[in-house]
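Here's the structure we're looking at; comments come further down.
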2 protein chains.
Amino acid sequence: MPYSREHKQQSRARILQSAYRLFSTKGFDNVTVDAVMQDCSLTRGAFYGHFRSKSELYKEALTFAASNSKLADRQPEGLSPREWLSQLLDGYLSLEHVAGDRPCPLAFLATDIVSRNKETHETYAHVYSRMNQLILDYAGKNSGTNEQDILSLTSMIIGAVAVSRTIEDKQLVQQILSSCRQQARVILGGI
Amino acid sequence: MPYSREHKQQSRARILQSAYRLFSTKGFDNVTVDAVMQDCSLTRGAFYGHFRSKSELYKEALTFAASNSKLADRQPEGLSPREWLSQLLDGYLSLEHVAGDRPCPLAFLATDIVSRNKETHETYAHVYSRMNQLILDYAGKNSGTNEQDILSLTSMIIGAVAVSRTIEDKQLVQQILSSCRQQARVILGGI
DNA sequence: ATCTAAATATGATCTTTATCATATATAGAT
DNA sequence: ATCTATATATGATAAAGATCATATTTAGAT
């Protein structure tokens, strides 16, 4: 047996990490297979030992990102669900997030997804539903916040991050994010 | 002098219209210069008599779309600004819009824009500011709705349309749009 | 030390596509 | 009718990039 037992798994994880970082900041067509492999210090040829195609990589990277998102992080002890949700929203609606720190695929790939294949659309939709469900859980089902409210909330925060990413005027971006942080609290009935 | 006086202007307009329709639904990289020209029954070569490059076309198409958007339409007589705004929001948050009828570049190109050049970013930012300003004007500055509220409103409607476009479950899309229509009225203090 | 299957690297190939150089068509002016 | 500047079309070029075929490296087992 060649190489250590987990070697390939580790390579695969590195490829996915590089891929997601590049895809989410540049979009599918502005990232070459070469670029991804160079980013994780491998080469073109090795790629096809891990993935069937660039499309498959994109879909897998999307799944990878979703399971590594802050939303998927465990709620820290000592925080109530609502406090944790409050922190999550502040992180989501932050300059750091907009700058590309563990970016949310829902916002960063919003329009890039449209040109991908059906499987990828389904993956995206799944990630979206999961975000809504998680926020609903944290908000508390008997809190006066219902599923409708959550749908408008997620539209708002996804839209805010997507738009903010394109705007170079940092002050305006801060205003957008701050307005949405405030509005989020209104929707959730105060935290 | 060859051709009629306005011939070239008309061709240019046709190119821009085709370009915007294609770019907004497929994104920059999934639209070839050939495809645009064929869409308006011209050919590749003629393109460079009108635009210096594909990038320039994209930017011009964005400007073109903004000035042809429903938001730029004149307010119909017999409607108050708030009634007109209400109709605009319902149109924006509709299945028809999501399906691509006179689509809003802010939503349809949200992440595609990021990879474009600085000039294009500025154009996008300009369109964005204009949308906020128009909505603020229609809402009425002394109505209890302030600029902050508008920023969260536009984030929400842009996000809703951007996300909806990727989701194939029509029922879910209707829920998203409906939730946002409702939330929009809350933000605007009832219409 | 050597052998071997798995992992990775290297060197094509083939397609797509933006852009350019050149040719043709158009319709007003003479 | 013909001439001409402008608009449009056609064919060529060249670069980029996904994928494949083939070679090389790796490290556990013998």
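All chains are named by letter (A, B, ...) in the order of the sequence lines, taking the proteins before the strands, and each is independently numbered beginning at 1. Quick caveat: nothing in here was measured; it's all calculated off a predicted structure.
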Practice task
Please check if atom CD in A/Glu147 has more than 12 non-hydrogen atoms from other residues, nucleotides or ligands closer than 6.0 Å.
Solution key: no
Completion exercise
Here the distance between atom C1' of C/dT19 and atom OH of B/Tyr48, to the nearest Å, is 5 Å
Practice task
Mind calculating the distance between NE2 (A/His50) and P (C/dA6) to the nearest angstrom?
Solution key: 14 Å
Problem - side-chain contact (heavy atoms from CB on, under 4.5 Å) partner of B/Thr154, chosen from B/Leu106, B/Asp149, B/Ile135 - result: B/Ile135
Practice task
Using atom CZ of B/Phe51 as one end and atom P of D/dA7 as the other, report the distance to the nearest whole Å.
Solution key: 13 Å
Practice task
Round to a whole Å and report the spacing from CZ of B/Phe47 to P of D/dT8.
Solution key: 13 Å
Problem - A/Thr166 versus B/Arg116, side-chain donor and acceptor atoms under 3.5 Å - result: no
Practice task
For DNA chain C, find the residues of residues 10-35 of chain A with a heavy-atom distance under 4.0 Å and give them by number; none if there aren't any.
Solution key: A/Ser11
Completion exercise
Readout for nucleotides 9-15 of chain D: B = base within 4.0 Å of protein heavy atom, S = sugar-phosphate only, - = neither; 5' to 3' it is BBBB---
Practice task
Go through the side-chain N and O atoms of B/Asn117 and B/Thr120 and say whether any donor and acceptor fall under 3.5 Å apart.
Solution key: yes
Exercise for the section: May I ask you to decide if A/Ser53's main-chain N or O and A/Glu56's side chain share a donor-acceptor pair within less than 3.5 Å? Expected result: no
Problem - Under 3.5 Å donor-acceptor, A/Ser94 side chain and A/Gly91 backbone - result: yes
Handout entry: Non-hydrogen side-chain atoms of A/His50 and A/Lys8 separated by less than 4.5 Å
Key = yes
Practice task
Using atom types as modelled and distance alone, determine if a side-chain donor or acceptor of B/Tyr20 lies under 3.5 Å from a backbone N or O of B/Pro103.
Solution key: yes
Problem - Cationic N near anionic O, under 4.0 Å, A/Arg102 to A/Asp73 - result: yes
Exercise for the section: Tell me which nucleotide among D/dA18, C/dT8, D/dT8 gets nearest to the side chain of B/Lys8. Expected result: D/dT8
Handout entry: Given DNA chain C, 5'-ward residue of the pair A/Gly49 and B/Ser53, judged by closest heavy atom
Key = A/Gly49
Practice task
Output the residues of residues 113-121 of chain B in contact with DNA chain C, where contact means a heavy atom of the residue under 4.0 Å from an atom of the strand; sort by number or write none.
Solution key: none
Handout entry: Side-chain touch A/Arg12/A/Phe51, heavy atoms, less than 4.5 angstrom
Key = yes
Handout entry: Side-chain donor-acceptor contact under 3.5 Å, B/Thr25 with B/Arg165
Key = no
Handout entry: A/Gln38 CD to C/dA9 P, straight-line distance once rounded to whole Å
Key = 11 Å
